[in-house]
S.K.: 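This is the structure, below, for whatever I ask next.
Note that the structure is a prediction, hence the values are computed from the model and not measured.
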Amino acid sequence: MNYFTSDLHLGHEKAINFPDRKGFTLDSWADLCYDLIHSKVKKGSRLYILGDFCIGKHKDLAKYRNRIKLKDVWLISGNHQPKDYICKDVFGDKFRETYECKVKGAPTWLSHYPHLAWPKSHYGSFHLYGHLHHQREDFWNNMPELKERRSMDVCPESYKAKFGEWGIFSEEQIYDILSVRKNHDPVEWYRQQRGEL
């Protein structure tokens with residue numbers, strides 16, 4: 001089973017001032033994040049963190065990574081985390097700029113940032129991202145051109161907005177949310193542009 005989250009911002013003092021995180025201390029926020037991971041993501045599962053895992057230097061990244069009691073943890077590059085060469089040193093080949101995986105068989109492109117088009121988007125693939133802390137989801141969901149997009153923010157704030165509590169997304173939850181959307185980028189448009197229809 002795959003699990004997804006983003007933007008934990010461990011050790012990042014400014015991040016506990018984000019609207020939904022007010023009232024947390026650095027330690028209480030970190031404890032919550034680890035509790036969410038360890039209560040849901042079981043041994044043998046894979047966890048993808050889509051950027052901004054923590055802030056700091058090599059020793060900080062290693063310290064935060066080592067508190068996760070799972071072997072299979074992947075990190076996608078974000079904009080508020082140690083330099084890429086440090087992330088690569090700690091995560092090895094499980095550190096990537098972007099990555100394509102599967103969510104219950106559906107091709108799924110992972111990036112820290114949201115995109116309007118991504119690999120295979122016109123064939124209905126999924127796209128998971130972070131960076132925005134759920135702040136644009138409601139706006140995009142109300143745009144007729146985008147409400148059927150097969151993409152979503154997987155940060156803790158998005159989980160809380162969807163389920164009423166803090167959490168980590170499972171691939172089953174993501175599939176249930178995205179598979180019912182029609183897709184905002186249908187292949188027919190591309191075929192029409194090429195004169196195939």
Side-chain angles (χ1 to χ4, degrees), residues 2-42 45-70 73-84 86-87 90-91 95 98 110-116 126-143 146-147 149 151-174 176-178:
N2 293 328
Y3 292 85
F4 302 87
T5 192
S6 70
D7 298 275
L8 301 181
H9 287 271
L10 301 175
H12 191 174
E13 288 185 27
K14 290 182 179 177
I16 57 173
N17 290 322
F18 294 153
D20 285 337
R21 299 185 187 186
K22 288 188 180 197
F24 284 99
T25 64
L26 285 176
D27 289 338
S28 66
W29 174 253
D31 290 343
L32 172 68
C33 291
Y34 289 115
D35 288 346
L36 294 172
I37 291 168
H38 294 135
S39 66
K40 193 162 185 180
V41 187
K42 302 304 178 196
S45 293
R46 176 176 290 174
L47 174 64
Y48 290 100
I49 302 170
L50 307 190
D52 292 0
F53 172 51
C54 72
I55 201 160
K57 300 187 178 185
H58 187 285
K59 65 181 176 59
D60 301 308
L61 180 63
K63 173 184 80 171
Y64 291 123
R65 168 59 187 96
N66 290 338
R67 274 192 71 185
I68 300 176
K69 297 172 176 45
L70 298 165
V73 180
W74 291 62
L75 178 63
I76 303 302
S77 185
N79 62 306
H80 286 293
Q81 63 190 38
K83 304 269 186 207
D84 283 1
I86 295 173
C87 294
V90 173
F91 282 83
F95 173 72
T98 60
L110 310 179
S111 171
H112 180 59
Y113 301 100
H115 299 263
L116 285 177
F126 298 165
H127 168 38
L128 305 179
Y129 56 86
H131 186 61
L132 298 175
H133 299 263
H134 193 73
Q135 295 176 33
R136 300 301 285 168
E137 293 294 290
D138 291 338
F139 175 73
W140 290 338
N141 288 339
N142 286 314
M143 293 180 72
L146 294 178
K147 68 180 181 180
R149 74 196 185 288
S151 66
M152 62 182 271
D153 190 334
V154 295
C155 72
E157 288 89 344
S158 283
Y159 191 97
K160 187 177 180 190
K162 286 179 180 21
F163 300 109
E165 61 187 7
W166 296 104
I168 304 286
F169 286 97
S170 71
E171 68 179 300
E172 289 178 345
Q173 290 169 315
I174 288 166
D176 288 347
I177 292 166
L178 295 182

S.K.: So, does Trp29 use its side chain to make a donor-acceptor pair with the main chain of Leu8 at under 3.5 Å?
M.R.: yes
S.K.: Could you walk me through whether Ser6 and His131 pass the side chain to side chain contact (heavy atoms under 4.5 Å, CB included) check?
M.R.: CA-CA 7 Å; Ser6 70; His131 186 61; over 6 Å; no
S.K.: Does His115 reach the side chain of Tyr129, with side-chain heavy atoms less than 4.5 Å apart?
M.R.: no
S.K.: Quick check: are there more than 12 heavy atoms from other residues, nucleotides or ligands sitting under 6.0 Å from CG of Leu116?
M.R.: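 No - once you tally the heavy atoms of other residues, nucleotides and ligands closer than 6.0 Å, there are 12 at most.
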S.K.: How many angstroms lie between atom CZ of Arg21 and atom CD1 of Ile16, to the nearest 0.5 angstrom?
M.R.: 10.0 Å
S.K.: Between Tyr34 and Tyr64 (side chain of the first, backbone of the second, donor and acceptor by atom type, cut-off under 3.5 Å), is there such a pair?
M.R.: yes
S.K.: Any side-chain heavy atom of Ile168 sitting closer than 4.5 Å to one from Leu47?
M.R.: yes
S.K.: Locate the shortest heavy-atom distance separating Glu157 from Trp166; write the atom from each residue and the value.
M.R.: N-CZ3, 3.8 Å
S.K.: Using the rule given for side chain to side chain contact (heavy atoms under 4.5 Å, CB included), can you reason through Arg149 versus Asn141, listing the C-alpha separation, both sets of side-chain angles and the distance that settles it, and then say yes or no?
M.R.: CA-CA 8 Å; Arg149 74 196 185 288; Asn141 288 339; 2.8 Å; yes
S.K.: Parallel, tilted or perpendicular: which describes the rings of His80 and His12, with under 30° parallel and over 60° perpendicular?
M.R.: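 The arrangement is tilted - the two ring planes meet at 30° to 60°.
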S.K.: If you compare all heavy atoms of Cys54 against all heavy atoms of Leu61, which two are closest, and at what distance to 0.1 Å?
M.R.: SG-CD1, 3.5 Å
S.K.: Could you check whether the rings of Phe91 and Phe53 sit parallel, tilted or perpendicular, using 30° and 60° as the cut-offs?
M.R.: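 Plane angle over 60°, so perpendicular.
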S.K.: For Asp35, does its backbone N or O pair with a side-chain atom of Ser39 as donor and acceptor, under 3.5 Å?
M.R.: yes
S.K.: Say you draw a straight line from SG of Cys33 to NE2 of His9; how long is it, rounded to the nearest 0.5 Å?
M.R.: 10.5 Å
S.K.: How far does CZ of Phe139 sit from NZ of Lys147, to the nearest 0.5 angstrom?
M.R.: 14.5 Å
S.K.: Salt bridge or not between Lys162 and Asp153? Use side-chain N to carboxylate O under 4.0 Å.
M.R.: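 Result for this pair is no, no salt bridge flagged.
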S.K.: What I'd like to find out is whether the side chain of Leu110 reaches to under 4.5 Å of the side chain of Trp74, using heavy atoms alone.
M.R.: no
S.K.: Side-chain contact test, heavy atoms from C-beta onward, threshold under 4.5 Å: evaluate it for Tyr3 versus Ile37 and give yes or no.
M.R.: no
S.K.: Do you know which two heavy atoms are closest between Phe169 and Ser158, and how far apart they sit?
M.R.: CZ-C, 3.9 Å
S.K.: Rounded to the nearest 0.5 Å, what separation is found between the CD1 atom of Ile76 and the OG1 atom of Thr98?
M.R.: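 Reported to 0.5 Å precision, the distance equals 7.0 Å.
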S.K.: Spell out, as yes or no, whether a donor-acceptor pair under 3.5 Å connects the side chain of Glu137 to the backbone of His134.
M.R.: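 Absent.
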S.K.: For Asp60 and Gly56, work out which heavy atoms get closest and say how close.
M.R.: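 So the two residues come closest at OD2-CA, 3.3 Å.
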S.K.: Step by step, would you call Gln81 with His112 a side chain to side chain contact (heavy atoms under 4.5 Å, CB included)?
M.R.: CA-CA 12 Å; Gln81 63 190 38; His112 180 59; over 6 Å; no
S.K.: Please report the shortest heavy-atom distance between Ala30 and Leu10, naming the atom on each side.
M.R.: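 Scanning both residues completely, I find the closest heavy atoms to be CA-CD2, 3.7 Å.
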S.K.: Decide if atom NZ of Lys160 counts as having more than 12 heavy atoms of other residues, nucleotides or ligands within a radius under 6.0 Å.
M.R.: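 Atom NZ in Lys160 is packed in, count exceeds 12.
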S.K.: Can you find a pair of side-chain heavy atoms, one from Asp31 and one from Arg67, that are under 4.5 Å apart?
M.R.: yes
S.K.: CG/Asn2 to CG/Leu128 distance, rounded to the nearest 0.5 angstrom?
M.R.: 10.0 Å
S.K.: Between Pro82 and Ile55, what is the shortest heavy-atom contact and its length?
M.R.: CD-CA, 4.5 Å
S.K.: How many angstroms lie between atom OG1 of Thr5 and atom CG of Leu36, to the nearest 0.5 angstrom?
M.R.: 8.0 Å
